[in-house]
Peer 1: 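Have a look at this one.
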Amino acid sequence: MALLVQNEFKPLPADKQVDTVSFLDSVSHLPSFFDCLGPAIFSPIKADITGNITKIRTVYETNPTKFKTLQQILEGEKEMYGPEWPKVGATLALMWLKRGLKFIQVLLQSIADGERDEQHPNLMKVNVTKAYEIALKKYHGWVVQKLFQAALLAAPYKSDFLKALSKGQNVKEEQCIEKIRQFLVNYTPTIESIYIMYNKMNAELEYKA
């Protein structure tokens, strides 16, 4: 479970503002999460997350003082781009990034909650399907949805997935689940805060990829 525990998110402050540097440092380790699911099949999601992290970091580095929080980035770009916003810049990149991060959150929570196919308890189809349907499916067109159905068939066994998260170490499943819960303590509120911010600023877009 080293992949998660070594890169835990920091607690949010009282005002729920997400610090840009802290956020980027934490999410920069998450693309490798998809290697644990299957590097070939899930590589498009991994590449999308990596690219969006880079776009946000590039914008932040143009003015670190002005863009100290993610909300300041959205507010700054809204002023900068006018009617083109929010379909531009770091605002658009973060919109898609948060969906990939939501996929991870729902998948891990589903595993932590013990959701599974009772007939095949070591398969992850139930968990991966739930994560995709909640976080990504409505934003994907028919072709991408069909690609995901193929990815389901290639999803690893849960035991292999947990071992990959533990970087090859043989760790008991109960210990892995506890580490997942520990990771989600700060990760989940961070993702929820970003979703709330997009809704409040009317920055959410519903178009399909």
Side-chain angles (χ1 to χ4, degrees), residues 3-4 7-13 15-34 36-37 42-61 67-78 81 84-112 127-141 144-145 148 151 180 183-209:
L3 176 62
L4 299 181
N7 305 296
E8 286 192 64
F9 282 57
K10 293 181 180 179
L12 290 177
D15 62 4
K16 304 298 183 183
Q17 293 291 310
V18 181
D19 180 82
T20 306
V21 171
S22 176
F23 173 76
L24 290 173
D25 287 346
S26 296
V27 297
S28 65
H29 301 282
L30 289 179
S32 57
F33 174 90
F34 292 95
C36 301
L37 284 172
F42 287 91
S43 59
I45 299 179
K46 177 182 177 181
D48 187 60
I49 286 180
T50 301
N52 286 322
I53 291 171
T54 299
K55 291 174 185 176
I56 297 166
R57 190 181 296 277
T58 299
V59 171
Y60 165 76
E61 290 175 349
F67 297 142
K68 191 174 185 304
T69 67
L70 295 181
Q71 181 164 326
Q72 287 173 331
I73 290 179
L74 264 65
E75 290 171 344
E77 289 196 331
K78 183 177 183 179
Y81 289 109
E84 293 180 65
W85 187 89
K87 202 174 182 179
V88 286
T91 301
L92 183 63
L94 181 59
M95 184 189 74
W96 281 103
L97 175 60
K98 70 179 174 54
R99 294 168 182 171
L101 300 180
K102 181 72 172 180
F103 174 90
I104 294 175
Q105 184 255 318
V106 177
L107 174 59
L108 291 177
Q109 189 66 61
S110 178
I111 293 173
N127 316 105
V128 178
T129 299
K130 180 178 182 178
Y132 181 74
E133 289 183 347
I134 289 177
L136 294 171
K137 185 176 181 179
K138 71 186 235 178
Y139 306 111
H140 286 167
V144 178
Q145 290 183 24
F148 175 77
I180 287 175
F183 173 77
L184 290 172
V185 167
N186 292 329
Y187 181 79
T188 298
T190 300
I191 306 310
E192 289 176 347
S193 179
I194 295 172
Y195 270 82
I196 290 170
M197 174 181 68
Y198 268 74
N199 287 330
K200 283 184 175 180
M201 294 187 65
N202 293 318
E204 191 67 60
L205 298 171
E206 299 291 333
Y207 73 92
K208 296 180 182 291

Peer 1: Not counting sequence neighbours, which residues clear salt bridge (charged side-chain N to carboxylate O under 4.0 Å, His left out) with Lys78? List them please.
Peer 2: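 Per chain and number, Lys78 pairs via salt bridge (charged side-chain N to carboxylate O under 4.0 Å, His left out) with no residue.
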Peer 1: Under the salt bridge (charged side-chain N to carboxylate O under 4.0 Å, His left out) rule, collect the residues that match up with Lys137, sequence neighbours excluded.
Peer 2: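 Checked Lys137 against salt bridge (charged side-chain N to carboxylate O under 4.0 Å, His left out); zero matches.
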Peer 1: Hey, mind stepping through Leu37 and Ile45 against side-chain contact (heavy atoms from CB on, under 4.5 Å) and telling me if it holds?
Peer 2: CA-CA 11 Å; Leu37 284 172; Ile45 299 179; over 6 Å; no
Peer 1: Can you tell me how far the OG1 atom of Thr188 sits from the CG atom of Leu101, to the nearest 0.5 Å?
Peer 2: 11.0 Å
Peer 1: For the side chain of Gln17 and the backbone of Thr69, is there at least one donor-acceptor N/O pair under 3.5 Å apart?
Peer 2: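 Pair absent, no side-chain N/O of Gln17 close to backbone of Thr69.
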Peer 1: Taking all atoms of both residues into account, what is the closest heavy-atom pair of Ala131 and Val106, and its distance?
Peer 2: CA-CG1, 3.6 Å
Peer 1: Starting at CG of Asn127, measure out to CD of Gln109 and round the result to the nearest 0.5 Å.
Peer 2: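 CD of Gln109 is found 11.0 Å from CG of Asn127.
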Peer 1: Could you report the tightest heavy-atom contact between Ala93 and Ile56, atom names first, then the distance?
Peer 2: CB-CG1, 3.9 Å
Peer 1: Can you list every ring-ring contact (aromatic ring centres under 6.0 Å, His included) pair that touches residues 186-209, not counting sequence neighbours?
Peer 2: Phe9-Tyr187, Trp96-Tyr207, Phe183-Tyr187
Peer 1: Any sub-3.5 Å donor-acceptor pair from Ser22's side-chain atoms to Val18's backbone N or O?
Peer 2: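 Here the side-chain-to-backbone pair does not exist.
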Peer 1: If the condition is side-chain contact (heavy atoms from CB on, under 4.5 Å), which residues does Thr20 pass it with, not counting sequence neighbours?
Peer 2: Leu24, Tyr60, Leu70, Ile73
Peer 1: Find out whether Met95 and Lys87 are in side-chain contact, i.e. whether some heavy atom of one side chain is under 4.5 Å from a heavy atom of the other.
Peer 2: no
Peer 1: Would you indicate whether the side-chain heavy atoms of Leu205 and Pro86 approach each other to under 4.5 Å?
Peer 2: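 A side-chain contact exists here, since the closest heavy-atom pair is under 4.5 Å.
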Peer 1: Supply the atom-to-atom distance Ile180 CD1 to Leu184 CG, rounded to the nearest 0.5 angstrom.
Peer 2: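 Here the rounded value is 7.5 Å.
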Peer 1: So, using ring-ring contact (aromatic ring centres under 6.0 Å, His included) as the criterion, who are the partners of His29 when residues are at least two apart?
Peer 2: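 By the ring-ring contact (aromatic ring centres under 6.0 Å, His included) rule, His29 matches no residue at all.
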Peer 1: Roughly how far, to the nearest 0.5 Å, is the CG atom of Leu97 from the NZ atom of Lys55?
Peer 2: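 The distance works out to 11.0 Å.
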Peer 1: Who passes ring-ring contact (aromatic ring centres under 6.0 Å, His included) against Phe23, sequence neighbours left out?
Peer 2: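 In terms of ring-ring contact (aromatic ring centres under 6.0 Å, His included), with neighbours along the sequence ignored, Phe23 is linked to no residue.
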Peer 1: Can any side-chain N or O of Asp48 pair as donor or acceptor with the backbone N or O of Pro44 at less than 3.5 Å?
Peer 2: no
Peer 1: Are any non-hydrogen side-chain atoms of Phe103 and Val128 less than 4.5 angstrom apart?
Peer 2: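 Contact flag for Phe103/Val128 side chains = yes.
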Peer 1: Going by the salt bridge (Lys or Arg N to Asp or Glu O under 4.0 Å) test, which pairs reach into residues 187-201, not counting sequence neighbours?
Peer 2: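 As it turns out, there is no salt bridge (Lys or Arg N to Asp or Glu O under 4.0 Å) pair with a partner in residues 187-201 once direct neighbours are skipped.
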Peer 1: Which residues pass the side chain to side chain donor-acceptor pair (under 3.5 Å) test with Asp25, not counting sequence neighbours?
Peer 2: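 Residues passing side chain to side chain donor-acceptor pair (under 3.5 Å) with Asp25: none at all.
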Peer 1: Which pair of heavy atoms, one from Val27 and one from Ile53, lies closest together, and at what distance?
Peer 2: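 The answer is O-CD1, 3.4 Å.
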Peer 1: Please report the C-alpha distance between Leu94 and Leu74 in whole Å, then the side-chain angles of each, then the deciding distance to 0.1 Å, and finally whether the side-chain contact (heavy atoms from CB on, under 4.5 Å) criterion is met.
Peer 2: CA-CA 9 Å; Leu94 181 59; Leu74 264 65; 4.1 Å; yes
Peer 1: Apply side-chain contact (heavy atoms from CB on, under 4.5 Å) to Lys10 and Asn186, showing your working.
Peer 2: CA-CA 6 Å; Lys10 293 181 180 179; Asn186 292 329; 5.8 Å; no
Peer 1: Using every non-hydrogen atom in the two residues, find where Met197 and Gln71 come nearest and quote the distance to one decimal.
Peer 2: SD-CA, 3.4 Å
Peer 1: Compare every heavy atom of Pro189 with every heavy atom of Leu12, then report the nearest pair and how far apart it is.
Peer 2: CD1-O, 3.5 Å
Peer 1: Output every pair passing side-chain hydrogen bond (donor to acceptor under 3.5 Å, both in side chains) with a member in residues 97-106, not counting sequence neighbours, ordered by first then second residue.
Peer 2: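 side-chain hydrogen bond (donor to acceptor under 3.5 Å, both in side chains) check on residues 97-106 returns Lys98-Glu204, Arg99-Glu204, Lys102-Gln105.
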Peer 1: Looking only at heavy atoms, what is the nearest atom pair of Glu77 and Ala90, with distance?
Peer 2: OE2-N, 2.9 Å
Peer 1: Partners of Phe33 by ring-ring contact (aromatic ring centres under 6.0 Å, His included), sequence neighbours excluded?
Peer 2: Phe161
Peer 1: With sequence neighbours left out, what residues match Lys16 under salt bridge (charged side-chain N to carboxylate O under 4.0 Å, His left out)?
Peer 2: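 Lys16 satisfies salt bridge (charged side-chain N to carboxylate O under 4.0 Å, His left out) with no other residue.
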Peer 1: Ser32: which residues meet the side-chain contact (heavy atoms from CB on, under 4.5 Å) condition with it, sequence neighbours left out?
Peer 2: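 By the side-chain contact (heavy atoms from CB on, under 4.5 Å) rule, Ser32 matches Leu3, Asp35.
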Peer 1: Mind checking the CD1-CD1 spacing from Ile191 to Ile104? Nearest 0.5 Å is all I need.
Peer 2: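 That separation rounds to 8.0 Å.
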